Amino acid sequence: METQVFKIPESFKKDFRYTFCPGCDHGVAIRLVGEVMDELGIRENTIAATSIGCSVTLYDFLDVDAIEAPHGRALAVATGVKRANPDKFVFTYSGDGDFASIGLAESLHAALRGESLSAICINNTTYGMTGGQLGPTTLLGQVTTTSPTGRNVEYYGYPIKIAEHVALCDGTAFSARVSLDTIVNIRKAKQAIKKAFEVQLHGLGFGFVEILSTCPTNWHMSPEQAHERVRNEMMPVFVPGIYKDVTEKLF
Amino acid sequence: MGNFKKIGDTIENVSSEVDMSRIVIDSEKCKACYLCIKECPKHLIKISDKTNKLGDKIVEFNDSQNACLGCALCATRCPDMAITEVYKG
Amino acid sequence: MVECIAGKKVLTKGNYAIANAAVIAGCDCYFGYPITPQSEIGEFMSGKMQELKRAYVSAESELAAINMTLGACSTGKKAMTSSSSCAVSLMQEALSYATSDELPVVLISVMRAGPGLGNIFPSQGDYNQSTIGGGDGDYKIIVLSPSTVQEAVDLTYKTFYLAHKYRNPAILLADGLLGQMMEPVEFGEYPYPEIDNYSWALSGAKGRKSRVIRSYCPTEGPQCEHIRHLFDKYKLLEEKEVMYEELYADDADLLVLSFGSLSRNVKAAIKKLREKGLKIGFFRPITLFPFPNKRLQELAGCVKKFLTIEVNMGQMVRDVRLAVNGRVPVEFFGKPVGSWPSVEDLESAIEGAMI
């Protein structure tokens with residue numbers, strides 16, 4: 001007998017079709033979220049807070065109740081949802097601009113308060129939806145539409161290492177950075193998302209995953225070249241790994 | 001699990017053999033990024049001559065030798081979930 | 001802080017009274033950030049909400065506070081935040097979102113002096129901020145304006161009720177004077193029916209289709225339709241929910257208009273002038289949106305002149321002029337910020353306008 005080893009997660013809407021550009025890793029990240037929701041059986045008890053940017057379209061694909069937060073306020077909106085409904089599973093899905101630039105205060109304060117929330121942040125080193133401008137994670141030397149000769153420290157300062165910052169917050173239960181550049185790393189990413197969700201389900205605190213991701217359109221690269229860039233340029237600066245995991249001490 | 005062509009005309013299923021490992025591609029979800037091609041250890045996915053409604057030259061699965069391992073690496077990689085099902089024989 | 005005994009009057013400060021009324025109204029969640037002259041609201045709530053096992057968050061900013069309120073409201077809960085002037089400026093974006101999302105956000109806005117940081121003296125400079133707003137797009141916010149601490153309590157109840165009934169943000173627009181002054185009040189019980197939110201609130205997609213509360217609308221047709229739907233609601237508000245106070249208006253030659261706690265001095269001055277035999281009427285909009293356009297149009301047919309008095313450089317006067325549409329002259333008397341004009345000063349200003 002044949003066995004089905006891959007299917008579209010049950011947590012997806014039946015008629016969904018991704019609207020991301022070809023080769024964009026958002027699609028993989030959202031699929032992993034859906035797979036984890038299936039495995040944990042939490043879809044029907046979930047409220048998502050989406051953010052502004054390409055990530056906002058999450059609610060077109062996942063079959064969950066969702067509210068669209070104003071730009072940068074996903075973690076504040078999620079805090080409101082969760083405090084009003086402590087029995088619900090609440091997560092956010094944002095880009096790096098939303099989570100770590102305009103929304104840095106909301107994001108880190110949610111972690112500092114130890115909000116029982118799970119947050120996914122897509123780091124693709126640029127503002128994708130608006131056409132590839134310099135963002136908080138743009139690498140030194142990286143050319144964007146607002147750093148035409150490359151990011152230099154004199155004008156733009158340094159990129160932020162999000163997972164490390166979140167890990168420094170005492171309310172954080174889990175903080176990891178993962179990548180989607182290879183199959184092995186995709187599997188690791190799924191494990192990290194699951195952990196970030198589980199710490200909420202166990203009431204341990206704030207769960208966070210930063211996902212290194214591609215933007216082939218604005219990087220002006222093929223999808224394959226984009227993954228090479230993740231490996232060769234992003235991962236040496238944004239080093240994948242688990243930066244905090246309180247469950248290590250518990251189990 | 002036999003003829004998958006019944007499900008819908010957008011879904012292609014090249015292999016109709018029972019108990020053989022195989023994949024199902026939804027050509028309307030495929031955006032022609034071709035990331036799956038390199039993942040297949042048996043080189044069973046190729047760029048097709050066909051285009052979908054958006055005009056993208058989609059990929060096709062060709063496994064006349066029943067070589068598919070059902071490893072699902074292609075589906076794991078596909079950013080558009082255009083590889084909607086994978087079966088291991 | 002406030003001993004709430006049904007049927008008994010207690011002496012309490014405006015800010016505490018508003019906070020206590022919110023608790024009685026069934027406010028499930030409070031999110032706030034301190035700013036004078038309304039900080040007592042957050043202080044009261046920090047203790048009371050924890051005591052009642054309701055939600056309370058000391059937010060990192062007003063941006064966070066209003067967006068937390070937005071999140072809590074999306075699940076159908078009664079949630080509020082409170083702030084003042086320059087900090088309410090930070091909330092304009094979320095208020096715009098909340099109108100489009102049709103969320104019953106309640107904001108207690110206690111006016112201080114602006115623009116910018118200004119100072120902590122009372123002012124009426126945020127009439128425009130509340131009724132017109134600084135958010136993007138076509139929208140309206142329900143705005144209620146109390147003149148006494150007792151009315152602040154009653155209108156706090158009404159603010160919650162209207163916000164939930166119409167699924168639209170609502171502001172209780174108080175001022176620093178009202179927030180800081182003590183008066184006897186009776187709280188009673190929340191007098192309005194609870195609004196069923198079962199059909200729209202987020203609760204997890206169990207046994208039903210998933211719901212999305214969103215303002216993003218990428219196509220023209222549905223966006224136009226949505227905005228028209230919002231304006232149908234605003235029209236309904238104008239038909240059904242207008243509140244105002246009127247005195248001696250029927251035989252008046254001059255109709256004097258003011259809002260908020262300043263109206264108490266204005267009314268006292270008019271009473272004195274009436275004793276002198278001057279035919280002066282008094283009119284106080286209680287709902288600043290919906291504005292009592294219809295009644296003012298009627299009065300414009302029998303009154304010779306309108307005079308609007310405000311502690312700002314003339315904000316409500318614009319709405320009055322729009323309402324009467326040139327049928328009668330509308331004059332303005334005011335001062336930018338600070339202590340309310342005395343009854344004597346108002347008497348001479350009003351008498352001056354009679355000429």
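Residue numbering restarts at 1 for every chain, and letters A, B, ... go by the order of the sequence lines. Just so we're clear, the structure is a prediction, and the values are computed from it rather than from any experiment.
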Participant: Can you tell which part of B:Leu35 gets under 4.5 Å to a heavy atom of chain A, answering side chain, backbone, both or neither?
Facilitator: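 Side chain only.
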
Participant: Considering heavy atoms only, which positions within residues 212-238 of chain A lie below 4.5 Å of chain B?
Facilitator: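 Heavy-atom contacts from residues 212-238 of chain A to chain B are A:Pro223, A:Glu224, A:His227.
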
Participant: What heavy-atom pair brings A:Gly23 and B:Cys33 nearest, and what distance separates the two atoms?
Facilitator: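 Distance-wise, the nearest heavy atoms are N-CB, 3.5 Å.
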
Participant: With a 4.5 angstrom heavy-atom cut-off, which part of B:Leu54 approaches chain A: side chain, backbone, both or neither?
Facilitator: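 The answer is the side chain of B:Leu54.
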
Participant: I'd like a table of donor-acceptor pairs (distance under 3.5 Å, sequence neighbours excluded) in which one partner is a side-chain atom from residues 32-43 of chain A, with atom names and distances.
Facilitator:
| residue | atom | partner | partner atom | Å |
| --- | --- | --- | --- | --- |
| A:Glu35 | OE1 | A:Lys190 | NZ | 3.2 |
| A:Glu35 | OE2 | A:Arg31 | NE | 3.2 |
| A:Asp38 | OD1 | A:Glu10 | N | 3.4 |
| A:Asp38 | OD1 | A:Ser11 | N | 2.9 |
| A:Asp38 | OD1 | A:Ser11 | OG | 2.6 |
| A:Asp38 | OD2 | A:Glu10 | N | 2.6 |
| A:Glu39 | OE1 | A:Lys194 | NZ | 2.9 |
| A:Glu39 | OE2 | A:Lys190 | NZ | 2.6 |
| A:Arg43 | NH1 | A:Asp63 | O | 2.7 |
| A:Arg43 | NH1 | A:Asp63 | OD2 | 3.3 |

Participant: Write down the atom of B:Glu85, the atom of A:Gln4, and the distance for their closest heavy-atom approach.
Facilitator: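 Taking B:Glu85 first and A:Gln4 second, the nearest heavy atoms are CG-NE2, 3.4 Å.
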
Participant: If you look at every heavy atom in A:Val28 and B:Thr76, which pair is closest and at what distance?
Facilitator: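 Taking every non-hydrogen atom into account, CG1-O, 4.3 Å.
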
Participant: Between the side chains of B:Arg77 and A:Asp181, is the shortest nitrogen-to-carboxylate-oxygen separation below 4.0 Å, so that they form an ion pair?
Facilitator: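 Looking at B:Arg77 together with A:Asp181, the answer is no, because their closest N to O distance does not fall below 4.0 Å.
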
Participant: Specify the closest pair of heavy atoms between A:Phe16 and B:Lys29, including all atoms of both residues, with the distance to one decimal.
Facilitator: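 Taking every non-hydrogen atom into account, O-CE, 3.3 Å.
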
Participant: Is atom NZ of A:Lys13 surrounded by more than 12 heavy atoms (other residues, nucleotides or ligands) closer than 6.0 Å?
Facilitator: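 More than 12 within 6.0 Å, yes.
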
Participant: When only pairs under 4.5 Å are counted, which of B:Leu73, B:Asp80, B:Val86, B:Ile83 shares the most heavy-atom pairs with chain A?
Facilitator: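 Greatest number of close heavy-atom pairs with chain A: B:Val86.
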
Participant: Can you name the closest pair of heavy atoms from A:Val5 and B:Ala72 and give their distance?
Facilitator: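 Between these two residues, the closest heavy atoms are CG2-CB, 4.2 Å.
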
Participant: Considering only heavy atoms from C-beta outward, does the side chain of A:Pro9 approach that of B:Met81 to under 4.5 Å?
Facilitator: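 They are in contact (side-chain heavy atoms under 4.5 Å apart), so the answer is yes.
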
Participant: Does the B:Lys31 side chain pair with the main chain of A:Cys24, one donor and one acceptor, at a distance under 3.5 Å?
Facilitator: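 No, because the side chain of B:Lys31 does not come within donor-acceptor range (under 3.5 Å) of the backbone of A:Cys24.
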
Participant: Tell me whether the count of non-hydrogen atoms from other residues, nucleotides or ligands lying under 6.0 Å of NZ in A:Lys161 goes above 12.
Facilitator: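 Not buried by this count: 12 neighbours or fewer within 6.0 Å.
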
Participant: If I measure from the heavy atoms of chain B, does A:Ile186 come under 4.5 Å with its side chain, its backbone, both, or neither?
Facilitator: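 A:Ile186 touches chain B through side-chain heavy atoms alone.
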
